[in-house]
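Source: prediction; values computed, not measured. Throughout, protein chains are lettered first and strands after them, A, B, ... in sequence-line order, and every chain is numbered starting at 1.
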Amino acid sequence: MSKYNFAAIEKKWQDYWLKNNTFSAKIDKSKPKFYALVEFPYPSAQGLHAGHPRPYTALDIVSRKKRMEGYNVLFPIGWDAFGLPTENYAIKNKIHPAKVTAENIKRFREQCMSLGLSFDWQREVDTTNPDYFKWTQWIFLQLFKAGLAYKKQAAVNWCTSCKVVLANEEVVAGNCERCHGEVVRKVKSQWMLKITEYADRLIQDIDEVDYLDRIKSSQINWIGKSQGAQVSFKTTAGAPLEVYTTRPDTLFGATYMVISPEHPFIEKWVADKTLKNVDEINDYKEKAAKKSDFERSEMAKDKTGVLLDGVKAINPVNQEEIPIFISDYVLMSYGTGAIMAVPGHDSRDYEFAKKFNLPIVEVVKGGNIEVEAFTDCEKGVMSNSGFLNGLSVEDAKVKITEYIKENKLGEEKTNFKLRDWVFSRQRYWGEPIPVVYCAQCGWVALPESELPLKLPEVDNYLPTDNGESPLSALESFINTTCPTCGGFAKRETDTMPQWAGSSWYYLRYCDPNNDNELISREALEYWMPVDWYNGGMEHTTLHLLYSRFWHKFLYDIKVVNTKEPYKRRTSHGMILAEDGQKMSKSLGNVVNPNDIVDEYGADSMRLYEMFIGDFEKTATWNTNSIKGCKRFLERVWALTDILEAGDSYSSELETAFHRTIKKVTSDIEQLKFNTAIAAMMSLINDIYSNGKVNRKELFDFLTILNPFAPHITEEMFEQLGFGEARKQKWPTYDDALCVDALVEIAVQFSGKIKLRINVPANATREELIEIAKSDNGVKKLLEGKKIIKEIAVPGKLVNLVVG
RNA sequence: GCCGCUGUGGCGGAAUAGGCAGACGCAAGGGACUUAAAAUCCCUCGAGUGUAUAACUCGUAUCGGUUCAAGUCCGAUCAGCGGCACCA
């Protein structure tokens, strides 16, 4: 046969697939559907790097196999194209971001095509296209109308370098996730989405979906549900202080209180002259305000604080007067912004109490509070706690909670770490928020007929130094009339965060060109939910949570028909550069897929991406290792040299074929692409050892290889007159034929392997022992020894325990 | 600090549910073919002792345990990675 000319072959088939819309999905109710989804990329100016094809190829293999199994597969791709890097690039190079985006998308599209990915190119979505973001804006309007979008003065995370507000989720170790610039706290008026209203359902419904355990647990951790009580402490200044605690059972151990520097009572107590040391307090407040949340937590090692001189609180269970402090270890953003301090059983309170010489009382026995706080005390017994003495912590919790309720001291309460989603950005390249402000009517939604609200053309995309969006400088955009009263109104000039467009894109793929509605009922009912969604672990607490939230909201307003968008969620590991570091432009270690495809071919690239290691684990790129995959394909190509006639498996290869088909079939479902490829490599080794292959064998071999290496297999099919590889039925196997008639098993003496014997594969336990004991070699080794115990595992081994 | 994960040859990694550790591939060494090189094909390839194609011993981060049998289960320790982090 001719030489394996991958470049020509791959070009030929890619052109063919594109021209014929081969992978375009159409609703077909006679077939079961399968919706495979990969996270759509942000089309950066750098193009794809070697990490992108890993998840794409994986689900491409799944999709191609599912099609061969008779499913109607939807496998779409699109572009999450709003965002800062494009805007920054546009500013730097003075090109309109839309133009930059179009160029980047074109490049990404070509790169995806050159990998032979079987995306449905008729369903591409682009979040920056007005036909798309019309519906992003529409969803925002529904949230607004439902009272789930609201504007609020809030202390937000402000990236000093990007000049933009960040969501909590976008702040990493006190720095901007994207540019690593310094993040400071800033009070700004922001649009917020009430994701907290869905916190409970976001936890509960996670039981109904098939996500990797680590994904489930990080979502649950992020939402951070805790149960406890809100308790009211009377003060000598009148109004009571509310605290939240998960340990109401330790109430007798509360020897002082701490409130956050931002707590509203401070100003009140300053104003009514309750406090004596106002200067000291104001000084502390000022210092605390300058610190970011991150800096505050960095200071954790050394507790600081100031006593509120002039006011005391009263412990509601023992009526003792206790002092109140302000300290920045108490956050205004969690609970009530005030705590009861139980230094005997909380290490932060302990540290603070030691520093300020406050009494430490042991209310649960078992630790040594002379040395440290006894925090791990859930199984202890109460002491120094009045009517709780002698009870277990568990019982004490029940009893004190009843006591609190009976005496109207407070109530049971659930708290979440999850905060509402800061939804505005003061940048140009995002979806405009479709509301106006009218002095008479307040914030008013645009009528749906005015959507999409497009971005105006501007000359300057630079964010302003005062933190306003570049749109705020554009009179023609801002000034409008109020849809309600017809009076003068101003448009909102903030835009949406990048997460907006990606929170619902999987829906749009089902019906991408619908002008009248977000998705048609028919498309919704046929395609949803997503059967298999794969994406990066880094999106577990951001995109995945946000999109589940939006989906649940759309479910509530009856736009979608499922509670959850994604049935199954898996994650791939990152691909590191050859030097073991993250691929980055600045380190110059980025592997460009184009170079690999040019030198080794797309099929070799695809195989290597899958063969590199455990799909879920981080892998280090090694260009040398691609050679093995290339060699494998060369050997596949050369199989025609030893081809013979035959329409059933030869006896020599029958078992190997059944076994390999079985392994490849199940490995694909379990994301074990590396071992599936290893199994096919083994099979080809067996074929070459056998010296010949017949048409039936080659046909099936190429069929199972097709999802992995679609170009070469399609070409060989054509040349051999087999038809079209991708249209074949996925081969089946017979479990009974997966093992050889004779197998070699190990014979152990007291657990040590002494020799190996051949036995029938289906021999029972008893038969195995008989065969082993009658074996001459075994007999010899048994001379002079007594068998104490006989163990046999069919197909594996015989173990004779001798004395 | 808390939660989760990982630790296997020179390297990437295999090893259903406790049952022959190192599949498959890379690199390396030797050989064949070749004027030569590349490519290809064949052989070797965990460590050690050794009569060296026999036989034996050790070996899956470390120490201990359960078991006829442990990379796999249990306990402790060490190292690394990821996430969260003053969340009351």
Side-chain angles (χ1 to χ4, degrees), chain A residues 3 172-173 212-218 220-222 224-226 228 243-247 250 254 257-258 260 293-294 296-301 303 327-331 333-342 345-349 351-352 375 415-419 537-538 540-541 573-574 607-608 611-614 616-629 631-632 634-635 638 663 666 670 672 674-685 688 743-753 755-756 788-802:
Chain A
K3 193 176 164 284
V172 176
L212 294 177
D213 283 344
R214 60 198 170 116
I215 297 176
K216 285 189 178 184
S217 68
S218 61
I220 290 167
N221 276 337
W222 186 265
K225 183 176 183 169
S226 75
V243 302
Y244 173 71
T245 176
T246 54
R247 294 296 306 275
T250 61
M257 295 184 82
V258 186
S260 162
D293 263 4
F294 176 67
R296 280 201 192 183
S297 51
E298 278 297 278
M299 304 298 162
K301 296 132 209 157
K303 293 276 179 293
S327 172
D328 60 9
Y329 86 84
V330 174
L331 307 174
S333 51
Y334 185 78
T336 61
I339 61 154
M340 63 176 211
V342 185
H345 303 278
D346 181 288
S347 45
R348 299 153 299 178
D349 297 344
E351 220 183 298
F352 191 88
T375 55
N415 255 319
F416 295 95
K417 288 190 205 173
L418 185 71
R419 298 293 134 77
M537 272 312 277
E538 70 274 22
T540 303
T541 49
M574 224 188 345
L607 277 178
Y608 178 61
F611 191 60
I612 192 166
D614 187 331
E616 293 182 39
K617 288 196 196 130
T618 306
T620 307
W621 184 265
N622 181 352
T623 299
N624 235 340
S625 294
I626 303 173
K627 285 181 194 162
C629 295
R631 272 178 208 149
F632 168 65
E634 303 262 13
R635 277 155 67 82
K663 179 140 187 69
S666 68
Q670 297 168 58
K672 292 165 79 174
N674 52 339
T675 50
I677 293 167
M680 290 187 283
M681 287 173 165
S682 276
L683 180 57
I684 208 169
N685 288 346
Y688 276 105
V743 292
E744 189 187 62
I745 64 162
V747 180
Q748 299 180 331
F749 278 68
S750 303
K752 300 234 175 214
I753 295 160
L755 48 90
R756 291 161 222 273
I788 299 167
K789 199 169 174 185
E790 297 165 345
I791 293 147
V793 181
K796 300 280 184 190
L797 50 68
V798 169
N799 186 9
L800 303 172
V801 185
V802 294

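- Under the Watson-Crick or G-U wobble criterion, with both distances below 3.5 Å, B:U77 is paired with B:A61.
- For B:U44 and B:G10, the C1' atoms lie 15 Å apart once the distance is rounded to whole Å.
- Between A:His345 and A:Thr375, the closest heavy-atom pair is O-CG2, 3.5 Å.
- Here the P atom of nucleotide B:A23 and the NZ atom of A:Lys672 are 17 Å apart, to the nearest Å.
- Rounded to the nearest Å, the gap between the P atom of B:G50 and that of B:A23 is 27 Å.
- Across all strands shown, B:G71 forms no Watson-Crick or G-U wobble pair with both distances under 3.5 Å.
- Distances were taken from every side-chain heavy atom of A:Val801 (C-beta onward) to each of B:G19, B:C84, B:C68; the shortest belongs to B:C68.
- Spacing of C1' atoms, B:C11 relative to B:U16, comes out at 27 Å, to the nearest Å.
- Residue contacts shown for A:Ile753 are limited to sugar-phosphate atoms, with no base heavy atom under 4.0 Å away.
- Taking atom NZ on A:Lys617 and atom C1' on B:G4, their separation rounds to 14 Å, with Å as the unit.
- Going from atom CD1 of A:Ile339 over to atom P of B:C86 covers 13 Å, rounded to whole Å.
- Side-chain atoms of A:Asn674 lie closest to B:G13 of the nucleotides B:G13, B:C68, B:A23.
- Using modelled atom types and a 3.5 Å distance limit, the side chains of A:Tyr334 and A:Ser260 yield no donor-acceptor pair.
- Distance from the side chain of A:Met681 is smallest for B:C24 among the nucleotides B:C86, B:A15, B:C24.
- For the pair A:Asn221 CG and B:G4 P, the computed distance is 9 Å after rounding to whole Å.
- Judged by Watson-Crick or G-U wobble contacts below 3.5 Å, the nucleotide B:U49 has B:A55 as its partner.
- When both distances must be under 3.5 Å, the Watson-Crick or G-U wobble mate of B:G1 is B:C84.
- OP1 or OP2 of B:A88 has at least one side-chain nitrogen or oxygen of A:Tyr334 nearer than 4.0 Å.
- Note on A:Glu744: a base of the nucleic acid sits closer than 4.0 angstrom, heavy atoms only.
- Classification of A:Glu634 and A:Lys3 as a salt-bridged pair fails, no side-chain N sitting under 4.0 Å from a carboxylate O.
- Whole-Å rounding puts the A:Lys752 NZ to B:A55 P distance at 16 Å.
- Distance noted for atom P between B:A14 and B:A61: 15 Å (whole Å).
- Using a 4.0 Å heavy-atom criterion, one finds that A:Asn415 contacts no nucleic acid atom at all.
- For B:G9, there is no paired nucleotide, since no Watson-Crick or G-U wobble pair has both relevant distances below 3.5 Å.
- Remark: A:Asn415 CG to A:Lys225 NZ distance equals 11.0 Å, nearest 0.5 Å.
- Taking the C1' atoms as reference points, B:A47 lies 31 Å from B:C41, given to the whole Å.
- Figure legend. B:U66 is base-paired to no nucleotide; pairs are counted as Watson-Crick or G-U wobble with both atom distances under 3.5 Å.
- Contact annotation: side chain of A:Lys303 to base of B:C86, donor-acceptor pair present below 3.5 Å.
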(request) For A:Lys663 and A:Thr675, run side-chain contact (heavy atoms from CB on, under 4.5 Å): C-alpha distance rounded to whole Å, both residues' side-chain angles, the deciding distance at 0.1 Å, then the answer. (result) CA-CA 8 Å; A:Lys663 179 140 187 69; A:Thr675 50; 4.0 Å; yes
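- Rounded to the nearest 0.5 Å, atoms CD (A:Glu744) and CG (A:Leu755) are 10.0 Å apart.
- A:Ser226 comes within 4.0 angstrom of sugar-phosphate atoms only, judged by non-hydrogen atoms across all strands, and of no base.
- Nearest to the side chain of A:Gln748, among B:G19, B:C41, B:A14, sits B:G19.
- Smallest separation of non-hydrogen atoms from A:Gly613 and A:Asn674: C-ND2, 3.6 Å.
- Closest contact between the side chain of A:Asn624 and the listed nucleotides B:G4, B:C86, B:C26 involves B:C26.
- A:Ile612 comes within 4.0 angstrom of the backbone, heavy atoms only, and of no base.
- If you check every strand for non-hydrogen atoms under 4.0 Å, A:Ser217 touches nothing.
- For the pair A:Tyr608 and A:Arg631, nearest-nucleotide mapping onto RNA chain B gives the more 5' position to A:Tyr608.
- For B:C26, neither phosphate oxygen OP1 nor OP2 lies less than 4.0 angstrom from any side-chain nitrogen or oxygen of A:Lys627.
- When distances run from any side-chain atom of A:Asn685 to the nucleotides B:C68, B:G25, B:A27, the shortest one goes to B:G25.
- Of the candidates B:G19, B:A88, B:A14, the closest approach to any side-chain atom of A:Val793 belongs to B:G19.
- Using modelled atom types, one finds no donor on one side chain facing an acceptor on the other under 3.5 Å when comparing A:Tyr608 with A:Thr623.
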(message) Test salt bridge (charged side-chain N to carboxylate O under 4.0 Å, His left out) on A:Arg214 and A:Glu616; report intermediate values, then the result.
(response) CA-CA 11 Å; A:Arg214 60 198 170 116; A:Glu616 293 182 39; 3.4 Å; yes
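- Annotated as syn: B:G9, whose glycosidic dihedral is within 90° of 0.
- Distance noted for atom C1' between B:G22 and B:U34: 36 Å (whole Å).
- We find that CG of A:Asn799 is positioned 18 Å from P of B:G18, with the value rounded to whole Å.
- When the P atom is used for both B:G18 and B:U6, the distance is 15 Å, rounded to whole Å.
- Distances from the side chain of A:Leu331 to the nucleotides B:C68, B:A14, B:A88 place B:A88 closest.
- The side chain of A:Thr246 sits closest to B:A88 out of B:A23, B:A88, B:C68.
- Distance A:Asp213 CG to B:C3 P: 16 Å, rounded to the nearest Å.
- If you take CZ of A:Arg247 and P of B:C86, they are 20 Å apart, rounded to a whole angstrom.
- Base pairing of B:U35: no nucleotide in any strand meets the Watson-Crick or G-U wobble criterion (both distances under 3.5 Å).
- Looking at the side chain of A:Ser682, the nearest of the listed nucleotides B:G19, B:C24, B:C86 is B:C24.
- Across B:U35 and B:A27, the matching C1' atoms stand 29 Å from one another, rounded to whole Å.
- Nearest-nucleotide positions on RNA chain B for A:Ile677 and A:Ile745 put A:Ile745 closer to the 5' end.
- With a cut-off of 3.5 Å on both pairing distances, the Watson-Crick or G-U wobble partner of B:A28 is B:U44.
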